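Right, one structure below, let's go through it.
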Amino acid sequence: MPAETPALEAAASETNRDFIRDLVQADLESRRVTSVVTRFPPEPNGYLHLGHAKSICLNFGLATEFGGICHLRFDDTNPVKEEQEFIDAIKRDVHWLGFDWGEHLYHASDYFEQLYQWAEHLIRAGLAYVDDSPVDEMRAMRGTLTEPGRASAYRDRGVEENLDLFRRMRAGEYPNGARVLRAKIDLAAGNMNLRDPVLYRILHAAHPRTGTAWCIYPTYDFAHGQSDAIEKVTHSLCTLEFEDHRPLYDWLIEHLPVPARPRQTEFARLNLGYTVLSKRNLTDFVKRGIVTGWDDPRMPTLAGLRRRGVPAEAVREFVRRIGMARANSIVDLALFEHAIRDRLNQSSQRRMAVLRPLKLTIENFPEGEVQELSAVNHPDDPAAGSRTVRFGREIYVERDDFMEVPAKKFYRLSPGREVRLRYAFLVTCREVVKDADGNVVELRCTYDPASRGGNAPDGRKVQATLHWVCAADAIPAEVRLYGTLFNRPDPGADGDIFADINPESLEVLRGALLEPSLADVSSGEVVQFERQGYFCPDLDSRPGAPVFNRTIGLRDTWAKVQAGGG
RNA sequence: UGGGGGAUCGUUCAAUGGUAGGACAAACGACUCUGACUCGUUUUAUCUAGGUUCGAAUCCUAGUCCCCCAACCA
C-alpha cells in the first residue's frame, strides 16, 4: 500500500462516489494537488434554490470529505442586479443547509484592483484592446454559429492608446456602453467565447460593497477564474453551460501572472419535475406577485422550503441520492418528496388535527363528561413519551372519513359501521343528520364504553382507525395546503412558463380544528397530523390564531385507489 | 449547416473488457390502533448498425436523437 495523504484518508466511504470525487481522488494521488480547496460562488441577484443546494453540498461536501476547505465567494461583478438583501439571504441559507465557510468569506469585488492590474497586463502584452463599437455593431461583427466574426476598426490600436483609454474608462470619462475592454483571441473561433470576449464594461452604478469606487466592472469570464486563482482554488466546479467557457478560463489563467492554476470541471445542473430552478424565472414570479415572496412555501428556494417545514437534512439526503453526472436530466419530484417524508417520519411527533371537520355526537356518552386518554407522541420512539387528550360527547372527525354510501374498498365510517377513534373508543354510526340542502352536517353515533383505549374486550376488529378532536377543547386554525407551482412536469417546455402555472397550488382551510397541544408547537418544528401529513406553524401565525403549513402529505394509498376508479 | 457535451429500467445514478446493480416510482402480498411506517415478492434498461475480442454498456467505425453557445448576465 502506498502511503496515503491525510486528504485521501479523510475521504469517507459513506458518501456516494461520482466522477468528480474520482477526479479529486486522482489529483490527490498524482500529487497534482496536495489539498483540496473548493468554492461556492453565488451571484447575489436572488435567493438560493434547490439547484444551488446541489452545488453547495458538492463543494462543501467535497472539502469535508477530503479534509480541505470550501470558500463562500460572492460573484458580485454586476452591481445593476445585485443587492445586499440577497447577500444576507444567501449566507443565511447556506448556514441553514448545514455548511460553514468559517473565515473563508470572499467577494470577487475584493479583487477589483488586482483584476484591473491584470487587465492592464493583458493590454501591455498586446492581448487586450479597447473597443468603441456600439453594442449592436459588436454583435453583428461577432458573426454567427457558422460564420466567423470580423475585426472591429479598433482591434489594432496601439498599447499606449489602449492603456490610456482603459484608464480613462476607469476614471469615469465615458458613459455606459461607450467602450469595452476585449481580449484579443480569435474572431474565427468555432467557440463564440473566444471571439474577443468582453473583459470590462462601463457601468455607472453603485455596488453593494464598493459603492461608487468603480464605474467599470469585470465580466464573469474575467473575474471568475482569476478569483479562483487568487484564492488558490484547486477544483472550480460549475454547471454544464459553462463548458464552452473553459477554454477562455484556461486562456486567461495561462496569459496572466496568477498565483495558482485552478481547473474547472462541469457537472449537470439539477432539474426537478413540476418545478422551475431558474433564478430568472423565480425572480419573475416574485416580481409579478405569482408568489408572496422568495420564501413563499411553494417556492423551490431554500428560504421557501425552510418556511414550508422541509428539514435541511432532507435536502442534503436528496442531493446525495440524485448523484452527480454530466448528463442532463429531470429528477422525479417523488424522490425529493420521499427524502422529506423519510426524514420527517423519524423526527416528527404525532398529533391529531381535523382539517375539514364533521361533527360527531356520541348519544350514549354522558352529557358534560370528559375522559382523559393517553396518546403516544411517536410510535417508533418511546422516548418521545405520551400526552393526554380529552374526549367528550361531541367530537369532530374528518369529512373524508365518512361516506353515506361507501365506495368499494372504503372501510372508514358509514351508516351502521363501527370504527375506532384513535387512542379512544370504538364508535358505530347510527344516524346521519342533514341540512335543508341535503348536506351531511352531523353523525349520531354510539360508543362501546368497554373499548376505552381503542380495543374491545371481546377482541373484535374494525377496519379503520380515525383521528378526531374534542369539540370542548379543540382550537381553530388556518391550514395551508400546497401543491406544485406548475401543472406539468416540464414547465415552460412549450415556451411560455406562465401558461403552465398551477392555479390550485395553494388551498387555504380556515375551519380546521387542532388538538390543544398544538398551540405549543414552536416555529421551525414539524409535527405529523396523524393520517394526513406533516405540518409546521407558519410565520403568519398570531397568538390565538395559528396558521399551519402542510410540508407534505403522507402517502395516500386510498386516494390512489379512488383515482384508479375504485 | 461551426464549436462543445450527452445517450443504461418509467425516473435517476452505478458497473471503467469479465454475472447489467441500487434508489425512487409502479404492481402484488404481509403487518398495522396512522389505508402511514416497516417487511417481502415482482415487472421493466445498455440509442441504431457494423467491427475488434474467448468475452463489449465499456474499445473502434458510421449513423440517429437530445442539450449548451451568437449578453457590455452569471
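Chain naming here is simple, since letters A, B, ... match the order of the sequence lines and numbering starts at 1 in each. Quantities reported herein were computed from a predicted structural model and do not represent experimental measurements.
Distance check on atom P: B/C68 versus B/U12 gives 16 Å, rounded to whole Å. On the P atoms, B/G40 is 34 Å away from B/U48, given to the nearest whole Å. Here the separation of B/C67 from B/A62, taken at their P atoms, is 24 Å to the nearest Å. Between B/U34 and B/A45, the distance separating the two P atoms is 38 Å to the nearest Å. The gap from the C1' atom of B/A57 to that of B/G21 amounts to 13 Å, rounded to the nearest Å. Comparing the same atom, P, in B/G50 and in B/U46 gives a spacing of 15 Å after rounding to whole Å. Separation of the P atoms belonging to B/C60 and B/C24 is 35 Å when rounded to the nearest angstrom. Atom P of B/C47 sits at a distance of 16 Å from the matching atom of B/C65, rounded to the whole Å.
Nearest nucleotide to the A/D380 side chain, out of B/C13, B/C37, B/C24: B/C37. For A/T146, the listed nucleotide lying nearest its side chain is B/U1; candidates were B/U1, B/C72, B/G3. Comparing B/U38, B/U34, B/C72 by their nearest atom to the side chain of A/P379 picks out B/U34. Comparing B/C24, B/A26, B/U34 by their closest approach to the side chain of A/K560 singles out B/A26. The listed nucleotides are B/G35, B/C24, B/A70; the one nearest the side chain of A/L145 is B/A70. With B/C72, B/U16, B/G5 as the candidates, the nucleotide lying closest to the side chain of A/D22 is B/U16. Distance from the side chain of A/E43 is smallest to B/A74 among B/U16, B/U38, B/A74. In the set B/C13, B/U11, B/C72, the nucleotide with an atom closest to the side chain of A/R201 is B/C72. The side chain of A/K409 sits closest to B/G35 out of B/C73, B/G6, B/G35. Nearest nucleotide to the A/A327 side chain, out of B/U34, B/G6, B/G35: B/G6.
Counting non-hydrogen atoms under 4.0 angstrom, A/S133 reaches a base of the nucleic acid. Note on A/Y200: nothing from the nucleic acid sits closer than 4.0 angstrom, heavy atoms only. Nucleic acid contact class of A/R420 (heavy atoms, under 4.0 Å, all strands): base. In this structure, A/E530 reaches the bases: a heavy-atom distance under 4.0 Å links it to at least one base atom across the strands shown. Residue contacts for A/R182: at a heavy-atom cut-off of 4.0 Å it reaches no nucleic acid atom on any strand shown. In this structure, A/L194 reaches neither bases nor backbone, as no heavy-atom distance under 4.0 Å exists between it and the strands shown. Looking at heavy-atom distances under 4.0 Å, A/Q463 makes no contact with the nucleic acid at all.
Look at CZ on A/R321: it is 19 Å from P on B/U11, rounded to the nearest Å. Rounded to whole Å, atom C1' of B/C13 lies 15 Å from atom CG of A/L272. When rounded to the nearest whole Å, the span between CD of A/E266 and P of B/G4 equals 14 Å. Atom-to-atom, CD of A/Q264 to P of B/G5 comes out at 12 Å; the value is rounded to the nearest Å. As a whole-Å value, the separation of A/N328 CG from B/C65 P is 18 Å. One can place CZ of A/R280 at 12 Å from C1' of B/A71, the figure rounded to the nearest angstrom. The interatomic distance linking A/E337 (CD) with B/A36 (P) rounds to 16 Å, in whole Å. Atom P of nucleotide B/G3 and atom CG of A/N193 are separated by 15 Å, given to the nearest angstrom.
A cation-pi arrangement is absent between A/R39 and A/Y106 under the rule of less than 6.0 angstrom and at most 45 degrees off the ring axis.
Ring-centre distance between A/Y249 and A/F242: not below the 6.0 Å cut-off.
None of A/R531, A/E530, A/R422, A/R420 except one satisfies the side-chain hydrogen bond (donor to acceptor under 3.5 Å, both in side chains) rule with A/T465; the exception is A/R420. Screening A/Y217, A/F166, A/W214 for a ring pair (Phe, Tyr, Trp, His ring centres under 6.0 Å) with A/Y200, the sole residue that qualifies is A/F166.
Between the side chains of A/E231 and A/H71, a donor-acceptor pair is found at a separation under 3.5 Å. Of the N and O atoms on the side chains of A/N455 and A/R460, not one donor lies less than 3.5 Å from an acceptor on the other residue.
Figure legend. B/U61 is base-paired to B/A49; pairs are counted as Watson-Crick or G-U wobble with both atom distances under 3.5 Å. Nucleotide B/A23 forms a Watson-Crick or G-U wobble pair with B/U11, both donor-acceptor distances falling under 3.5 Å. Pair assignment for B/G35: none, as no Watson-Crick or G-U wobble contacts are both less than 3.5 Å.
A close approach under 4.0 Å does occur between a side-chain nitrogen or oxygen of A/R142 and OP1 or OP2 of B/C72. For A/R139, a side-chain nitrogen or oxygen approaches OP1 or OP2 of B/A71 to under 4.0 Å. Checking the phosphate oxygens (OP1, OP2) of B/C73, no side-chain nitrogen or oxygen of A/T77 falls inside 4.0 Å. Side-chain nitrogen and oxygen atoms of A/H467 include none within less than 4.0 Å of the OP1 or OP2 phosphate oxygen of B/U34. Listed pair A/T219 / B/A74 fails the phosphate criterion, with no side-chain N or O lying under 4.0 Å from OP1 or OP2. When the side-chain nitrogen and oxygen atoms of A/S329 are compared with OP1 and OP2 of B/C13, one or more of them lie within a distance under 4.0 Å.
The side-chain ring of A/Y220 is not stacked on the base of B/A74, judged by centre separation under 5.5 angstrom and plane angle under 30 degrees.
Taking for each of A/K461 and A/E82 the nucleotide of RNA chain B with the nearest heavy atom, the 5'-most of the two is the partner of A/K461. Comparing A/R246 and A/A189 by the nucleotide of RNA chain B whose heavy atom lies nearest to each, the residue mapping closer to the 5' end is A/A189.
A donor and an acceptor atom never sit less than 3.5 Å apart when one is taken from the side chain of A/R531 and the other from the base of B/G35. With hydrogens and angles ignored, no donor-acceptor pair under 3.5 angstrom links the side chain of A/Q532 to the base of B/U34. Judged by atom type and distance alone, A/H245 reaches the base of B/A74 through a side-chain donor-acceptor pair under 3.5 Å.
Note on A/R21 versus A/E65: salt bridge recorded, some NZ/NE/NH1/NH2 to OD/OE distance being below 4.0 Å. Between A/R209 and A/D110 a salt bridge is recorded (basic side-chain N to carboxylate O distance below 4.0 Å). Under the 4.0 Å criterion applied to side-chain N and carboxylate O atoms, A/D228 and A/R73 are assigned as salt-bridge partners.
Between A/F535 and A/F529, the angle of the ring planes stays under 30°, which puts this pair in the parallel group of the 30/60° scheme.
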